[in-house]
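Reading through the C-alpha cells given below for one structure.
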There are 2 protein chains.
Amino acid sequence: MQRGSFQAMKSLNKSIILTKILNDGPISRAQIAKETKLTPPTVGSLVKELIDQKIVKESTQGMSKGGRKPTMLVIDHQAYYMIGIDAGPTKIDIVLTNLAGDIISNLQYQLPLPITEAQFLDKLIEGTEEILKLNSERANDVIGIGVAMHGVVDAEAGESLYAPNLDLHNMPIKQTLANHFAYLVSIENDARALALAETWFGQGKGSDRLVAVNIGTGVGAGVAIDGELYRGESHIAGEIGHMTIDLNGEVCSCGNRGCLQTIISGPAIAERTNKLMKEGVTTSLTEGDHLTAYDVYKAAESGDQFAKMILTETGKYIGIGLTNLIHTLNPSQIILNGGVAKAGKYLLPAIKATVKERALTASAKSTAICLSDLGDHATALGAVALILVELFAKNGEISI
Amino acid sequence: MQRGSFQAMKSLNKSIILTKILNDGPISRAQIAKETKLTPPTVGSLVKELIDQKIVKESTQGMSKGGRKPTMLVIDHQAYYMIGIDAGPTKIDIVLTNLAGDIISNLQYQLPLPITEAQFLDKLIEGTEEILKLNSERANDVIGIGVAMHGVVDAEAGESLYAPNLDLHNMPIKQTLANHFAYLVSIENDARALALAETWFGQGKGSDRLVAVNIGTGVGAGVAIDGELYRGESHIAGEIGHMTIDLNGEVCSCGNRGCLQTIISGPAIAERTNKLMKEGVTTSLTEGDHLTAYDVYKAAESGDQFAKMILTETGKYIGIGLTNLIHTLNPSQIILNGGVAKAGKYLLPAIKATVKERALTASAKSTAICLSDLGDHATALGAVALILVELFAKNGEISI
DNA sequence: CTTTATTTTATCACTTTAGTTAATTTAATT
DNA sequence: AATTAAATTAACTAAAGTGATAAAATAAAG
C-alpha cells in the first residue's frame, strides 16, 4: 500500500480535478470545487499547474448565473499525440491520434508469414517511423506508443509471452520500442486493450464494470473495473473462449470438449453450417471447406432463412456464455466486438432474449449488452488508451 | 473518488501501520518505519494514538541487534469482542469471538419451519441477547454484530432481499438489530462472508485474489480481491451454481439445463447415484428417495468402490466448474467449503487433476486449491470478519 | 438610464495539519 | 568507553483550509 504524503495528497487531488475536467468538461473552477469538495483555492492552484503543463486549457466563458461569468476549463486535446498499434495475427494497424482519440493518421501492414521475431519487431519499428515521418510536424508532441498485441501478454514486463498464430515466444516488445523511440511505451493483450478503448472512447464511457467480448477466430474478453483492467493472478482473466459449456461438445484446439469457442467462433459457425447442410436444407449457401461465417452473414443479408436460423442459434449460445459471465463477474455492461459481432443484427436479439431467459435476477437479466461502435480501428484505439491511462495517472506529467 | 485531505492522509498512514502490526506483528516501531517507508516520528505518533485507542499494545521487548532493544507491538486481541451470526436456512449459529477470531462462546438455534419475518427477526434478537447474557462481563467490550445470511443480500442497504428456503422477502435485518443493540451491525451473503472468513482466519491469509466455493445443497462462491469482497453490479458475482456447463444436462430448479448445481450439489450427487444404481452395480448403498450425498460419503469411507467412483466423478465435474472460474476470474487461490467439501478426501485429487488437465496456462494449472480448515463455525466467523473489516477500515475507532 | 446592491467567480493572505529532517535521549552490545 | 539501534523531541515545510478581497456579472432601486 502506498503511504500518505503531501506529494501523494496533492497528486490525488490533481488527478481528481483532471478526471473531473475530462468527464464533465467544459467546467468552471467553482463547479469543480463544489462537486469534488475541494476548496476553491486548492482547485485554483492545481488547475494553474495543469494549465502550465498544457494538458488543460481555458475555453470560452460560460453563462453567468447571476454573477461573474465562469471561465470554463477543458482538456487540451491537441496538446499531445499518441501512437496506437494493433498487432494482430495477420496484419498490423497503426494510428496516430490526439488526446480525444480522433484518428489523425493511419497505416496498415500485412505480415509476411511465416515471420521471425526480428522481422516482426522490425515491422513495428518501421511502422512507427513511417507514421512519425508522415506527421513530422507533430512528432515533438507525441508522448507515447501503445501496443495491443494478440496472444498472451505480460503487461508489466512489457513482453509478448506467446503469440500462437505467429508461433513466436517471449518477445521484448516494450524494450525494443523504448530503445528506438524516446517515448513512453505500453503493451497489453488485444482483448484487454479493447475493453480500455470502450471505456475511453466507446459506449462504455463512465461504466465502472465493463466487459468487452471479442468474437472472431477465437473468443476472448477484457474486463475493466473502475477504469482499470482486471488481469487476474496470471494474466488469463477473461479467457472465456475456453469456458466449458457443453460437457459432450466438439473437441476444441485446447484438447477439451465443448469450449465456448467451439460453438460461437467464426470457424465454429462455418463448421456447424456445413454439418447441418449435410442433413439437407434449403439454402443459397454451398457446402465445403471454404465456407466462412462471413458467407453465412452475407446469405442472411440476402434473405436466406437457413443462414438467419444459424445466426439466431449462435446468438442463443453466445447468450448462454454471457449469462455464465454475468453470474461470475456480474458486469454492468457487455460490449461485443470482433468479426462475428459484425453479424450483430441477427445475433443480438437472440443474445438478449437468452440472457433475459436464463439470468437469475431482474437486474442480471437487464445487463446492458450492445455492439461496439468503435469501427475498424477499435483495437488500435485500445492501444492508444494504454497511453492515456498512463498520462492521466501521472496527471499529465509525461517523462520517458 | 475521495479527495486528499490531511485527515485522509493521516487515516491512510494509520491504517497502513495497523495492517502492518496485524499481519507482521509482533513488530517494532523502527521496523514498521523501514517497511512502510514512513518516518520514525510519524510511526511513533500514530502508534501512540493506536495504543490510546486500545487496539494496539506493547508486548515483550525483542532481541537487540547491537543497540537498544526494540519494543514489540501487537494487536490487543482481548480489547474488543464481536458477535457473528450464521443465519442459515434451517438453523442459526451464533459465536462470540475476540479480535483474533477465537470463539469464546457459541449458541445454536433450530428454526421452526415455516417461519414468519417477525419470528425470524425475533430469533436473531433473542440469540444475540442470550449470548450477551452468557458473557455479561464482556458485553461492554463488544463492538459489533455481523450477520451472514443465506440467499440474496443487499449489504449496503442491510437487507435480506430474498431467502428462498424460508420464502421471506426484504427483511431489514441491519435496521432491526441496530434498533435493539447499541453496536455496529453489518450483514452480508453467507458465501461472501465465508470468503472473508478465509482471508481473515483461514488459509487465505495474505491471499489477494481468493475465491471461497461453497458446495452443499446449492453451490455459491464468494470473491475477495485485496481483502475486499467483490459483489459485482447487482450482488450476484460468484453465483456459479447456475453456471451452464452442460447444454443438454439435467433441468435445474432455475429452469435451465446443465447448471453446475445439477451435477455437483449434494442432492445432485444423490440423484446421480440413484440413477446409476438402477443400471445395476455392486454397492453397499440402497437405492431410494432418502439416499443422500452423505450416505455416499459414508459408503466410500467403508470401502465401497462404487461410492468412491461417484465421488471421483463428482470431483471431475467440480474441476471443470473451477476451471471455468479460473478462466474468468483467475484467482490465486480457491478454497472449498460446505457439506460436499467434507468428502474432500475423495474429491480433491480428481478436482486438481481436472484443473491441471484443462486449464490453459502453466500458472492457471497450478492455481492453489484446498479444503477449508475453519471447521463448523466457518460462516459465523465470516460474519465476525464483517465487523473486523469495519474496525480496521476505521483504524480501530468504532462509534455506533 | 444611472446607481447601488447582490451574487457568483477567482484569488490572496494567513492558519492549521501532519509529514520530514535532524538532533537528542535511551539503552543495549562490543 | 565506543558503537549501534530504538525511540523521541524540536524545528521545518508542504499543502490544504479559512476568511477576506477583488473582479465581473446581474438585478433592483431611484
Side-chain angles (χ1 to χ4, degrees), chain A residues 1-18 20-21 24-52 56-74 395 397, chain B residues 1-18 20-21 24-52 56-74 395 397:
Chain A
M1 203 169 357
Q2 198 56 45
R3 77 180 193 282
S5 64
F6 292 107
Q7 279 176 43
M9 174 167 62
K10 181 178 171 181
S11 170
L12 171 62
N13 286 338
K14 211 164 157 181
S15 167
I16 288 172
I17 292 171
L18 188 56
K20 195 84 207 165
I21 297 173
D24 302 344
I27 186 171
S28 71
R29 291 169 175 82
Q31 193 60 28
I32 294 172
K34 256 182 222 155
E35 293 183 20
T36 60
K37 312 270 185 199
L38 290 163
T39 60
T42 301
V43 173
S45 76
L46 293 180
V47 163
K48 192 170 183 302
E49 286 188 23
L50 289 169
I51 289 175
D52 287 346
V56 167
K57 66 174 180 185
E58 296 187 334
S59 71
T60 54
Q61 295 215 307
M63 291 295 288
S64 163
K65 284 179 281 178
R68 175 175 168 177
K69 277 183 184 167
T71 310
M72 306 309 264
L73 302 166
V74 292
N395 304 317
E397 290 175 73
Chain B
M1 204 172 351
Q2 198 56 44
R3 76 180 196 281
S5 64
F6 292 104
Q7 279 177 41
M9 173 167 67
K10 183 177 171 182
S11 171
L12 171 63
N13 286 339
K14 213 165 156 180
S15 169
I16 289 172
I17 292 171
L18 187 56
K20 194 85 208 164
I21 297 173
D24 303 343
I27 185 171
S28 70
R29 291 168 177 81
Q31 193 62 27
I32 293 172
K34 256 181 221 154
E35 294 182 20
T36 61
K37 312 271 184 198
L38 289 164
T39 59
T42 301
V43 174
S45 74
L46 293 178
V47 163
K48 192 169 185 301
E49 287 189 23
L50 289 168
I51 290 175
D52 287 347
V56 166
K57 67 175 179 184
E58 296 187 335
S59 72
T60 54
Q61 296 214 305
M63 291 296 287
S64 162
K65 283 179 283 180
R68 175 174 168 178
K69 277 184 185 167
T71 311
M72 305 310 263
L73 302 165
V74 292
N395 304 316
E397 290 175 73

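No hydrogens, no waters, no symmetry mates; every other heavy atom, side chains included, goes into these values. Because the structure is a prediction, the values reported are computed rather than measured. Proteins come first, then strands; the chains are lettered A, B, ... in the order of their sequence lines, and each starts at number 1.
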Base, sugar-phosphate alone, or nothing: which one does B/P70 contact when heavy atoms must sit under 4.0 Å apart? sugar-phosphate

Nearest-Å distance, CD1 (B/I51) to C1' (D/dA7)? 12 Å

Decide, yes or no, whether a salt bridge links A/E35 with B/R3 under the criterion of side-chain N to carboxylate O below 4.0 Å. no

Quick one: pull up CD1 in B/I32 and CD1 in B/I16 and give me the separation to the nearest 0.5 Å. 11.5 Å

For B/S11 and for A/A30, find the nucleotide of DNA chain C with the closest heavy atom, then tell me which residue's nucleotide is more 5'. A/A30

Taken to the nearest 0.5 Å, the spacing of A/E58 CD from A/R29 CZ works out to 4.5 Å

What's A/T42 touching, base or sugar-phosphate or nothing? Going by heavy atoms closer than 4.0 Å. sugar-phosphate

Tell me: NZ of B/K14 to P of C/dA18, nearest whole Å? 10 Å

So what does B/S45 hit on the nucleic acid, given a heavy-atom distance under 4.0 Å: a base, only sugar-phosphate, or nothing? nothing

Can you measure B/R3 atom CZ to D/dA16 atom P for me and round it to whole angstrom units? 11 Å

Closer to the 5' end of DNA chain D via nearest nucleotide, is it B/R29 or A/F6? B/R29

Could you tell me how far apart B/K48 (NZ) and D/dA6 (P) are, to the nearest whole angstrom? 21 Å

Describe the nucleic acid contact of A/T71 in one word from base, sugar-phosphate, nothing, applying a heavy-atom distance below 4.0 Å. sugar-phosphate

Confirm from the modelled atom types if A/R68 and C/dT8 form a donor-acceptor pair under 3.5 Å, side chain to base only. no

